[in-house]
Undergrad: 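My questions all concern the structure below.
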Amino acid sequence: MDIASGLSILADRAKGGNEVTLVSPPDGAEKLGQNLEIDWARSPSCPCNPLSSSSPPLTPTPPSPTSTANNDALKAHLSKLDHLELIKSVLRAQEERSSTYKTFEASLNSCLRSSDFSKYGLYGAQATAQFSVLSNTINTISEVLLNLKSRTDLVSFISKLQAGEKEKLKLTAALHLDRIRLACEADEKIKLLLTTSVADLRSKIVGSVEIICEELDELKSILVEESIERC
């Protein structure tokens, strides 16, 4: 099963509240998920702030009753794959993540160019849904690798990858908020502070990306080495 099949299985989950089933890494580290959380309370006057009086509140969609069944179906499909195919599935999911980030960034840039932030909440919800599905897929792969394949080495790399992605998404949410605030701000002193914050957040995101790439390189190396051994 390729990553597209996994995404299809989890489609209802993404529509039903974007909840994520998490996997505990073997060392008992904190469970990891991926949700876009923008701290609108820091900027109550932003035009795209769903908490402001000028913007309608965002009503969350209730969870889908088929979420558990979808996860079970995904796990059943993944359980039939060997560990090399599971690594490939993680890498494909990571490619989808990169594509989602690019789309989300392009959506923000469009809002900034037009000074129209009315659709940013929708863009954020769409990105959250996609990130949640991808994170859930990777966590399910990790669970299969741990419980059915006994590959704690792969689970460790995936857990670090997920931690890096969680941090990257948190920083991205903060960066988006500060870029929006910067576009809306008239006070030059505050604009200077926001400009500094934006630069700092971009730097931190680069650091997170480096960590993510390191873990991906480890997974790719194992995939190549063990594929050669199998030949």
Undergrad: Have Gln94 and Glu165 got a donor and an acceptor in their side chains that come within less than 3.5 Å?
TA: yes
Undergrad: For the residue pair Gln126 and Leu122, establish whether any side-chain heavy-atom pair is separated by less than 4.5 Å.
TA: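 With C-beta onward as the side chain, the pair touches.
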Undergrad: Testing Ile228, Leu91, Leu154 one by one against Leu223 for a side chain to side chain contact (heavy atoms under 4.5 Å, CB included), which residue passes?
TA: Leu91
Undergrad: Indicate the ring-plane relationship of Phe104 and Tyr120, choosing parallel, tilted or perpendicular according to the 30° and 60° boundaries.
TA: parallel
Undergrad: Restricting to non-hydrogen atoms, name the atom on Thr137 and the atom on Leu78 that form the minimum distance, rounded to 0.1 Å.
TA: O-CD1, 4.4 Å
Undergrad: Going by salt bridge (Lys or Arg N to Asp or Glu O under 4.0 Å), Glu143 matches just one of Arg151, Lys149, Lys75. Which one?
TA: Lys75
Undergrad: Can Arg230 and Asp82 be counted as an ion pair, charged N to O under 4.0 angstrom?
TA: yes
Undergrad: Could you tell me whether Arg92 and Glu95 have a side-chain N and a carboxylate O separated by less than 4.0 Å?
TA: no
Undergrad: Search all heavy atoms of Ile158 against all heavy atoms of Ser142 and return the closest pair with its distance.
TA: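 Heavy-atom minimum between the residues: CG2-CB, 4.1 Å.
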Undergrad: Is NZ or CZ of Lys166 both nearer than 6.0 Å to the six-membered ring centre of Phe131 and within 45° of the ring axis?
TA: no
Undergrad: Testing the basics here: between Ser208 and Leu171, what is the closest heavy-atom pair and its distance to 0.1 Å?
TA: OG-CD1, 3.6 Å
Undergrad: Looking at Leu194, Leu193, Thr195, which hits side chain to side chain contact (heavy atoms under 4.5 Å, CB included) with Asp178?
TA: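 With Asp178 as partner, Leu194, Leu193, Thr195 yield a single side chain to side chain contact (heavy atoms under 4.5 Å, CB included), made by Leu194.
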Undergrad: If we check side chain to side chain contact (heavy atoms under 4.5 Å, CB included) with Ser89, which of these qualifies: Leu84, Ile141, Thr140?
TA: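 Among the candidates, only Ile141 passes.
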Undergrad: Minimum heavy-atom separation for Thr172 to Tyr101, with atom names?
TA: OG1-CE2, 3.6 Å
Undergrad: Are Glu105 and Lys102 within salt-bridge range, i.e. N to O under 4.0 Å?
TA: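 Salt bridge: no.
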Undergrad: Apply side-chain contact (heavy atoms from CB on, under 4.5 Å) to Asp153 and Ile222, showing your working.
TA: CA-CA 10 Å; Asp153 55 335; Ile222 292 174; 4.3 Å; yes
Undergrad: Tell me whether Lys191 is salt-bridged to Asp187, with the criterion being a basic N under 4.0 Å from an acidic carboxylate O.
TA: no
